[in-house]
There are 2 protein chains.
Amino acid sequence: MAIPRAAKTQRRTRIQEEKEEQILEAALDVFAVSGFRGSTIDQIAEVAGMSKPNLLYYFRTKEAMHRSLIDRVLFTWLEPLRAFDAEGNPENEIRSYIRRKLEMARDFPRESRLFANEVLQGAPHIEDELKGPLKELVDEKAEVIRVWAKAGKIAKCDPYHLIFSIWSTTQHYADFDVQVRAVLGQGKAGEGRFEDAARFLEQLFINGLKGHAPQSES
Amino acid sequence: MAIPRAAKTQRRTRIQEEKEEQILEAALDVFAVSGFRGSTIDQIAEVAGMSKPNLLYYFRTKEAMHRSLIDRVLFTWLEPLRAFDAEGNPENEIRSYIRRKLEMARDFPRESRLFANEVLQGAPHIEDELKGPLKELVDEKAEVIRVWAKAGKIAKCDPYHLIFSIWSTTQHYADFDVQVRAVLGQGKAGEGRFEDAARFLEQLFINGLKGHAPQSES
DNA sequence: TGTAATGTTTACCAGTCGGTCAAATTATCC
DNA sequence: GGATAATTTGACCGACTGGTAAACATTACA
């Protein structure tokens, strides 16, 4: 009868586990490059090395694949921000947040591009996630930063725009990789570029946010 | 016999001028959102308010439209960087570069997204421009910054990554507009967000690059 | 080992894609 | 006003799109 469709049955078989993994892996490849509209099931099927109807056996529609991919990636993608610790030393927290985000741009560029494509195209599939969980998390961490600034531990600044600028500078190395490589040219475009970027960004943000001494309150 | 195709004839008629303008305007709307692969001629035709064969009378192919659009936008897009003046005061130059880039993100978000889409998808249509004219311009301006740093007018830093970070932070407000709005929420997502962003970014970059006193040479 | 559930494939569908063609319409210029 | 060139359109093409149906193959399990 075959009603599997990956969710109906309580326990997923080993083969389901494997195939779904294989499909999402291929889908990530394709969606990350062409976005949702620009990607086709046939492309994904080819990359995954299976027939199109076979893909559609595990994911009923193209949207279901995309949805599943986004859901899985979104959680891990926000991990670095979640790790942002209110109790920690501000300078260290910012420094390691930058470093972690940069590592993700280096190690998971496809995931970064998947989101970039989605948001760039108006986030038609993840608007709720942005306005809900994402906003809440950012609000929480922005408050932490605001308190640090108020206490003079870092410079007074808009915490939201600080977060945006860390996102954009780090993800730039994944999303605009082609451009970065083109501009740096043969010589400087090697893997060392991430180390250079890390050094520069840490310098920029740490110096840029140096607290103004203890500073009086109110 | 009508061989116009917009380029064969030396002098372009008023009507050609107008229609091509109209088409490129519509194409910008569509390409900026969906990227090249994700956009269709029919969509563009509908936005432009003309029939599909009529579009194809002025631009032989979808690629020709895209090409034409990119060529036209690329020049103006790099204008702010070109204006970067080696003779000027470093702090002022950086400040006004940021401001100009941010104004472009605010006033020409579609153009920003057009490029973002293109680069994100591997820049299949503009690789040459990136490796050629763009790289040359950036090399030139990076040298200016390097000299400033060497003279102690600004902090020692990698000029390429400085430029990347200005690009990414400013364009973020165009390319990731939906996300920015979602995170800032109803209250703070108004037009004032560009002023807030400008203030933050100027603070970040100016403080982040404060020169270390005159500093000895060699 | 049999059989029922699971997994895979071939053939196919209706709608959309980029693009063509010839006929019809409109502007231009004498 | 008429000839000529420029513009516009409806009808159409083959290739591709997301997705389906049903036959076939494989696995799990009694």
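On a predicted model such as this, the values are computed, not experimentally measured, just so you know. Protein chains get the first letters and strands the later ones, always in sequence-line order, with residue 1 at the start of each.
Salt bridge status for B:R100 with B:E103: absent, with no side-chain N to carboxylate O gap under 4.0 Å. In summary, B:K131 and B:E127 engage in a salt bridge, as defined by a charged side-chain N under 4.0 Å from a carboxylate O. Between B:K141 and B:D85 there is no salt bridge, since no side-chain N of the basic residue sits under 4.0 Å from a carboxylate O of the acidic one. Looking at B:R113 and B:D175, no side-chain N of the basic residue comes within less than 4.0 Å of a carboxylate O on the acidic one, giving no salt bridge.
Spacing between atom CD of B:E18 and atom P of C:dA27 amounts to 12 Å, rounded to whole angstrom units. Taking atom CG on B:D42 and atom P on C:dC17, their separation rounds to 5 Å, with Å as the unit. A:Q43 has its CD atom 14 Å from the C1' atom of C:dC17, to the nearest Å. Rounded to whole Å, atom C1' of D:dT7 lies 16 Å from atom CD of B:E17. For the pair A:E20 CD and C:dT6 P, the interatomic distance rounds to 14 Å; values are reported in whole Å. If you take CZ of A:F59 and P of C:dT8, they are 13 Å apart, rounded to a whole angstrom. Remark: C1' of D:dC16 and NZ of A:K62 are 12 Å apart, rounded to the nearest angstrom. Computed from coordinates, the A:Q16 CD to C:dT8 C1' distance equals 14 Å when rounded to whole Å.
Within a 6.0 Å sphere centred on CD of B:Q186, other residues, nucleotides and ligands contribute 12 heavy atoms or fewer.
For residues 25-40 of chain A, proximity to DNA chain D is found at A:S39, A:T40, defined as any non-hydrogen atom under 4.0 angstrom from a strand atom.
Using cut-offs of 30° and 60° on the angle between ring planes, the pair A:Y97 and A:F84 is perpendicular. Ring geometry for A:H172 against B:F164 counts as tilted: the plane angle lies between 30° and 60°, on a 0 to 90° scale.
Between B:F194 and A:H161, the ring center distance fails the sub-6.0 Å criterion.
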Listed pairs, N/O of protein and of nucleotides 9-11 of chain C, under 3.5 Å:
| unit_1 | atom_1 | unit_2 | atom_2 | d |
| --- | --- | --- | --- | --- |
| C:dT9 | OP2 | A:S51 | OG | 3.2 |
| C:dT9 | OP2 | A:N54 | ND2 | 3.4 |

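Closest approach to the B:Y58 side chain among D:dT8, C:dG19, D:dG18 is made by D:dT8 (side chain taken as heavy atoms from C-beta onward). When distances are taken from the side chain of B:L56 to each of D:dG19, C:dC17, C:dT20, the shortest belongs to C:dT20.
Side-chain contact annotation: A:Y160 with B:D196, donor-acceptor N/O pair under 3.5 Å absent.
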